[in-house]
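Reviewing the structure listed below.
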Amino acid sequence: MKAVRSEQEFQNILRRLGLALDASQIGVWEHDTQANEVVWDLQMHRLYGTGREEKHVKGEVWTQAIHPDDLEHAQADFDKAIATKGAYQSEYRIILPSGEIRYLRSRAHCFEEDGNITFLGAEWDVTADVLLNRELQRQKAIAETRAVELEASTQRIEHAAQHDYLTGLPNRRFFDRRLVELSNDQAVEKLAILHIGLDRFKQVNDTAGHSVGDDVLKSAASRIVAALPKSAFVARMGGDEFAALISNFSSIDDLKTVAERLAQQLKQSVWHKDEVLRISASIGLASAHGRNVTELLAEADIALHRAKKLGRGRVEIFSTQMKAQLNNERRLAKQFARGLEKGEFIPYYQAQVDARSRRIVGVEVLARWNHPKRGLLLPGEFLGVASSLGMLDDLDAAILKAALKDRKSWLRQGVRVPRIAVNVSAARLSDPLLIDELHQLEVEPGTLAFELLETIFLDDTEDSVFSNVAALKELGIDIEIDDFGSGHASIIGLMKLKPSRLKIDRQLVMPITTSREQKRLLRSIVEIAKALNIEVVAEGVETLEHAKLLTRLGCDVLQGCAIAYPVSAGDILARLAETQAEAFVEHP
Ligand code: C2E
Ligand code: CA
Ligand code: CA
């Protein structure tokens, strides 16, 4: 049954459709391709802002309104629809006469009647949609770049937390983590740590400035990385210390070779602007098999300390013996400071005699440590500790004070020692307070001598040393050059000091009874000294044969086991009293 619609009904439908179209603001068009006739409704004119109403419009009205950038694809879409006789759809911008840009979307159906192709289409404004869409896209892109930036900055923060800003190397924290990782890694059988410390870096930093120090560190970092295998994990542990983790190396000896090569490379000069800086590095090496790595870093550190102690610029491999030694030194260092306070360091005295008369002309003061548990210790046991604690000058001061006190007490007992000689370290000699201190001690002029090691006067001696030497002479304190002939100081330089005495090193004294060459050398030294009015003391006189020969060669004073051993204050007092009595007998 077919519903028959009345004319009235059609009119109603048309009217409603018209209202709906009007409300929706959809424009309707028709394009007869054959006749190239275009029909627009009123809404189309409104969309294109023509300000006109006529039904028939020219094709150019459309093409001229389209944004030049969109024209090509708009036309192509239409041509394609004609060619396929299919549905048409397109989207493009138009430019209104006011200059405003509007986005339109167009849809049309194709009708073919007697070979004539006509499109009936609708077109509407999608500007708001497009703009909204575009805004959404923009927001999305912003959100995406923010996410990328956030990721990058998180990575930067993480990187900074695990790396050293100056050298770019992993830092201590990263190193610790990596050490744990490697120790838990089944594939790692052997693990070694190279602990690298730059020698005297603090000095470079203090004298040349921090920016130079920074350059030295950066250059060291790149040399370390370049010298070690690619698989090595190199970190800056802080300050002037670096460490490298090396796994599955072939042998510890191989590693030592690698480390030695590295030490060699670190010894080369660093250029800073137009200054050349000489640095060196000490390296400690420790290795572990299997899981036992907890102590590894501490062990490498011990080896590094040993390397520094043994003269710097060298490589040492950790051993358990080394650890015991270090513990020993640490213990001793602690005891040293306390011992100094408690007066455990006491002077011993070794007599010096006139070569011809064999009468005592003086005593050398030698430090001893009256250790509460270990008994009497020789300087060889504690001078190193004192020096590493920077307390050698304190020791010297304490010994001098004690010796002067002994001397006073002997005088009260009627015994007079002609001269006492004390050993003075470089640290003590360059102490700016030394002279003031000596003033307060009220030393009787001509009764005290300072023995200064020849090595103190190696070529680049500070001026304060020379001015102190001059001040000492003014105080009536004799200057003696100790261990003369052992330190390669320039003889001319030493002579400039005009010392009262040279003490010829026992290394030069010992061979004179067996070597003619050595005897001649000793004779020449004596001759030069005589020419300059400097007395000569021979030390290490171990036999009577030496004593006789040295006397013949012209030495003025003899000191050594053949004459007298170093003894306590009480013993030297007895000896001095005895010889004083003899002297009275001889020369009443
Ligand atoms: P030194 O100044 O060369 O002192 C002489 C050393 O030779 C002393 O060793 C002495 O005991 C030893 N000696 C004496 N006669 C002979 C001998 O015939 N043959 C041999 N082979 N050795 C002999 P000591 O007491 O062990 O002192 C060692 C070094 O320690 C001293 O060498 C001196 O450089 C240093 N020293 C000692 N006391 C002090 C001190 O109070 N302050 C400073 N700074 N250094 C000191
Ligand atoms: Ca000496
Ligand atoms: Ca000596």
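One-based numbering, in listed order, for ligands and for the atoms of each. All residue numbers in this chain count up from 1 along the given sequence.
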message = For a quick test of reading the model, state the closest non-hydrogen atom pair linking P347 to I399 and the distance between them.
response = N-CD1, 4.2 Å
message = Quick one, F484 and K503 - any side-chain contact, counting heavy atoms below 4.5 Å?
response = no
query = Heavy-atom distance to atom 7 (O) of ligand 1: which of Q559, E539, R506 wins?
reply = R506
query = With respect to V234, which candidate in L245, I196, V225, L194 satisfies the side-chain contact (heavy atoms from CB on, under 4.5 Å) definition?
reply = V225
query = Is E437 salt-bridged to R428, cutoff N-O under 4.0 Å?
reply = yes
inquiry  = So is G380 touching ligand 1 or not, going by heavy atoms under 4.0 Å?
reply    = no
query = Hey, does K503 sit under 4.0 Å from ligand 1 if you only count heavy atoms?
reply = no
note = For E364, the N, O or S atom at the shortest distance from the Ca ion (ligand 2) is OE2
remark   = Residue, atom and distance of the protein heavy atom nearest atom 25 (O) of ligand 1 read R368 NH1, 2.8 Å
request  = Check if R428 has a non-hydrogen atom at a distance under 4.0 Å from any atom of ligand 1.
outcome  = no
task = Give the contacting part of L395 toward ligand 1: side chain, backbone, both or neither, where contact means a heavy-atom distance below 4.0 Å.
result = neither
message = Among all the protein's non-hydrogen atoms, which is closest to atom 35 (C) of ligand 1, and how far away is it?
response = L383 CD1, 3.6 Å
query = When you measure from the Ca ion (ligand 2) to each N, O or S atom of E451, which atom gives the shortest distance?
reply = OE1
inquiry  = Just so I know, are the side chains of Q352 and R501 near enough to count as touching, which here means a heavy-atom distance under 4.5 Å?
reply    = no
Pair K373-Q335, side-chain donor/acceptor within less than 3.5 Å = no
key: For atom 15 (N) of ligand 1, closest protein heavy-atom neighbour   = Q350 NE2, 3.0 Å
message = Tell me whether the rings of F382 and F345 are parallel (<30°), tilted (30 to 60°) or perpendicular (>60°).
response = perpendicular
query = ligand 1 versus D482, non-hydrogen atoms closer than 4.0 Å: side chain, backbone, both, neither?
reply = side chain
key: Angle, OD2 of D482 through the Ca ion (ligand 2) to OD1 of N423 - 10° precision   = 90°
ask   = Counting heavy atoms only, which of D483, L377, N423 comes nearest to atom 45 (N) of ligand 1?
value = N423
query = How far is atom 16 (C) of ligand 1 from its nearest protein heavy atom, and which residue and atom name does that atom have?
reply = C561 SG, 3.5 Å
key: Protein contact of atom 40 (C) of ligand 1 - nearest heavy atom, named by residue and atom, plus distance   = D396 OD1, 3.7 Å
ask   = Got R575 and I360 here, is their nearest side-chain heavy-atom distance under 4.5 Å?
value = yes
task = Answer yes if a protein heavy atom lies under 4.0 Å from atom 32 (O) of ligand 1, otherwise answer no.
result = no
key: Numbered atoms and elements of ligand 1 in range of E542, under 4.0 angstrom, heavy atoms   = 17 (C), 18 (O), 19 (N), 20 (C), 21 (N)
query = Charged N to carboxylate O below 4.0 Å: is that the case for E260 and K256?
reply = yes
inquiry  = Which of the numbered atoms in ligand 1 are under 4.0 angstrom from any heavy atom belonging to G560?
reply    = 15 (N), 18 (O)
message = A side-chain contact here means heavy atoms from C-beta on lying under 4.5 Å apart; do E329 and S388 qualify?
response = no
request  = Show your working on salt bridge (Lys or Arg N to Asp or Glu O under 4.0 Å) between R172 and D176 and close with a plain yes or no.
outcome  = CA-CA 6 Å; R172 173 76 199 251; D176 289 345; 3.4 Å; yes
key: Presence of N, O or S from D505 under 3.0 Å of the Ca ion (ligand 3)   = no
ask   = With the threshold set at 4.0 Å, does a side-chain nitrogen-carboxylate oxygen contact exist between D164 and K218?
value = no
request  = Please name the atom of D483, restricted to N, O or S, that is closest to the Ca ion (ligand 3).
outcome  = OD1
query = Taking only heavy atoms of P566, which atoms of ligand 1 are found under 4.0 Å from at least one of them?
reply = 11 (O)
ask   = For atom 3 (O) of ligand 1, is the nearest protein heavy atom closer than 4.0 Å?
value = yes
task = Report yes if some N/O of A367 lies less than 3.5 Å from some N/O of ligand 1; otherwise report no.
result = yes
request  = Check ligand 1 against L366 and write out every atom of the ligand that is under 4.0 Å from a heavy-atom position of the residue.
outcome  = 4 (O), 8 (C), 10 (C), 11 (O), 25 (O), 37 (C), 38 (N)
request  = For atom NZ of K202, decide whether the heavy atoms of other residues, nucleotides or ligands shown that lie under 6.0 angstrom number more than 12.
outcome  = no
Nearest protein heavy atom with distance in Å, relative to atom 29 (C) of ligand 1 = P379 CB, 4.3 Å
key: Heavy-atom side-chain proximity of L169 to F175 below 4.5 angstrom   = no
Of all N/O/S atoms in E539, the name of the one nearest the Ca ion (ligand 3) = OE2
ask   = When you check the side-chain N and O atoms of N423 and E364, is any donor under 3.5 Å from an acceptor?
value = yes
